[in-house]
Amino acid sequence: MTDSAQLATHLDAIWPSVMDDYLGLLRIESISSLPEKADEMTRSAETVAGLLRGVGCPDVQVVAEGGQPAVIGRFPAPEGHPTICLYAHHDVQPTGDLSLWSTPPFEPTERDGRLYARGANDDTAGIAVHLAALRAWEGKPPVGVTVFIEGEEEVGSPSLAAIMAKHADALRSDVFVICDATNWQVGQPSVTTALRGICDCVVEVRTLDHALHSGGFGGVVPDALTSLCRLLATLHDDLGNVAVEGLKTGQVPDLDYDEARLRADTGILNGVQWLGEGSTVSKIWAKPAVSVIAIDATSVASASNTLAPVARAKVSLRVAPGDDADEALAALTRHLESHAPWGAQVNVTAGETGQPCVVPYRGALAEAADAAFTQAFGVAPVQVGCGGSIPMLADFQAAFPGSEILVTAVADPDGRPHGIDESQDLGDLKKAALAEALLLAHLANS
Ligand code: BES
Ligand code: MN
């Protein structure tokens, strides 16, 4: 059954069961960053394992190495055929303010062809695609398949190295298909060839050894919060370009992000200017980006005309493909330490780092993927960069240097991963599933 029309017809027939799997997973609150959700993480891993057994996988195990549980399922390779690893993650981000959701995040709801739920795209859609492709093959894929569903991607994969070391033989594959990026647009399949890395730090500014009345001494001593604001303001120039010295810029595909679409995808307010110079995709894919993602300071409600002695901010830096996340974090730290206003004491605590990644798209794998995506979507895939980060890609490249990686997507730019009202286009979900089923056929014949 390698004929694409036949696979498509079969996928249509089994689609209700694919949706059942997907909806069932979306009802589980698998938030890896919240210790109180540990039982839900276990339930989520066990559910994925059960679904894999249900699609005919003969060898399924839930594994953990001191962190969140992951699932490894293996379909042995038919003689003479390659093994393809299908990766996604079953953990999701916290919901944020529940009152802001149009419908509850763990009660998946369809509206206008999109499914709304936490994880709807990132990355439960990836799991649904893998399960659908295997169902389309009735559990007998034409290549060896290893399904690897990680449980802690959203917290930087702290125990992934240990899982990979312990289960290296189970995971070793000719091709890793990582379904966790974003398509260029709804209906436009996309292969991601460059991803930014990430690092962060907490910067603390101190100016006084105790708080003071702002009337008594304001005007002669700098308060910590104003000092912190001035320090953070040095991270960009007036045009919004990142002003941290020592950061690199990468090479990425060049596509034109239409401004009207960018407006719609981002929801930028009237009159607000775009940051920085250069093309939009160069700024979201090729260059570093710095954002202040949190501040510890007196809340407006409890303000009391006081000069604060200390203030703190968490600064996040997206690292260009081709740069090194540890070196980028060192550059950010140097910048913060050397730009203290008014002699304020600055203390920087390094946070996490995740490496950026360049993923070549070429040869037989690119031919197979081009053919599969074109058949499933009716248009050829485009190559894109990704402003977000999948740090485990660099770990896979290091652990399996002889293997190839294909970074695919189900999500689109309006999917709001990590945000309120995260959603997934259901038409693209089905096309992505068909593309992956077809990809297995093309790889079997390549
Ligand atoms: N699926 C995302 C990566 C992504 C983000 C793709 C934005 C496309 C657009 C992934 O699950 C993710 O969120 N990664 C984290 C990594 C971090 C926790 C180390 C990220 O980018 O913040
Ligand atoms: Mn994510």
Side-chain angles (χ1 to χ4, degrees), residues 26 30-34 67-68 70 87-96 105 117-129 148-161 177-185 188 190-201 252-253 257 262 265-266 280-281 283-285 288-291 293-294 314-321 325-326 328-329 350-357 359 384-396 405 407-420 422-424 428 432:
L26 287 171
S30 53
I31 304 170
S32 51
S33 62
L34 300 181
Q68 299 289 2
Y87 167 95
H89 59 88
H90 70 95
D91 62 321
V92 300
Q93 287 277 343
T95 60
R118 166 58 79 236
N121 67 66
D122 186 10
D123 187 26
T124 309
I127 305 175
V129 162
F148 180 39
I149 308 296
E150 196 198 345
E152 50 182 28
E153 198 276 346
E154 297 293 5
V155 288
S157 305
S159 70
L160 181 66
V177 177
I178 313 294
C179 188
D180 190 27
T182 304
N183 284 323
W184 176 237
Q185 299 196 53
Q188 173 59 66
S190 312
V191 171
T192 299
T193 56
L195 299 97
R196 289 196 291 197
I198 188 168
C199 62
D200 60 51
C201 65
V252 298
Y257 207 135
L262 186 62
D265 286 345
T266 57
T280 298
V281 298
K283 289 185 284 189
I284 52 178
W285 296 342
V290 180
S291 311
I293 57 171
K314 186 164 186 176
V315 180
S316 167
L317 168 61
R318 294 283 167 179
V319 180
D326 296 304
L329 180 52
E352 302 292 321
T353 58
Q355 292 298 345
C357 192
V359 192
V384 295
C386 178
S389 311
I390 310 181
M392 44 82 52
L393 290 176
D395 298 334
F396 269 83
I405 296 182
V407 181
T408 65
V410 206
D412 60 82
D414 196 24
R416 308 188 190 185
H418 301 195
I420 302 296
E422 176 175 355
S423 71
Q424 172 61 48
D428 273 7

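Every number for a ligand or one of its atoms is a count from 1 in the order of the listing.
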Open item on the list: Given Met392, Glu154, Gln355, Glu352, identify the one with the heavy atom nearest to atom 18 (C) of ligand 1.
Closed with: Glu154
- [ ] Answer side chain, backbone, both or neither: which part of His418 comes under 4.0 Å from ligand 1, heavy atoms only.
- [x] side chain
Open item on the list: Restricting to N/O/S atoms, is Asp122 within less than 2.8 Å of the Mn ion (ligand 2) or not?
Closed with: yes
Task: Contacting atoms of ligand 1, where contact means under 4.0 angstrom from a heavy atom of Arg318 - done: 20 (C), 21 (O), 22 (O)
Open item on the list: Using a plain distance cutoff, I'd like to know if Thr182 has any nitrogen or oxygen under 3.5 Å from a nitrogen or oxygen of ligand 1.
Closed with: no
Task: Residue portion contacting ligand 1 (non-hydrogen atoms closer than 4.0 Å) for Cys386 - done: side chain
Open item on the list: Can you name the atoms of ligand 1, numbered from 1 with element, that are less than 4.0 Å from a heavy atom of Pro391?
Closed with: 19 (C)
Task: Numbered atoms of ligand 1 (with element) below 4.0 Å of Glu153, judged on heavy atoms - done: 10 (C), 11 (O), 12 (C), 14 (N), 18 (C)
Open item on the list: Using heavy atoms and a 4.0 Å limit, tell me yes or no: is Arg196 in contact with ligand 1?
Closed with: no
Open item on the list: With a cut-off of 2.8 Å, does Glu154 put an N/O/S atom close enough to the Mn ion (ligand 2)?
Closed with: yes
Open item on the list: Is it the case that the side chains of Ser159 and Glu152 hold a donor-acceptor pair, with the cut-off being a distance below 3.5 Å and no angle test?
Closed with: yes
Open item on the list: For the backbone of Val92 and the side chain of Glu154, can you confirm whether one donor and one acceptor N or O come within less than 3.5 Å of each other?
Closed with: no
Task: Flag if over 12 foreign heavy atoms under 6.0 Å of CD, Glu352 - done: no
Task: ligand 1-proximal atoms of Asp180, by part, heavy-atom distance under 4.0 Å - done: both
Open item on the list: Testing the basics here: between Ser389 and Arg318, what is the closest heavy-atom pair and its distance to 0.1 Å?
Closed with: OG-NH1, 2.8 Å
Task: Over all atoms of both residues, closest heavy-atom pair of Val319 and Pro356 - done: O-CB, 3.8 Å
Task: Metal proximity, His89 vs the Mn ion (ligand 2), N/O/S cut-off 2.8 Å - done: no
TODO: Examine the side chains of Gln68 and His90 and answer whether a donor and an acceptor come within less than 3.5 Å of each other.
DONE: no
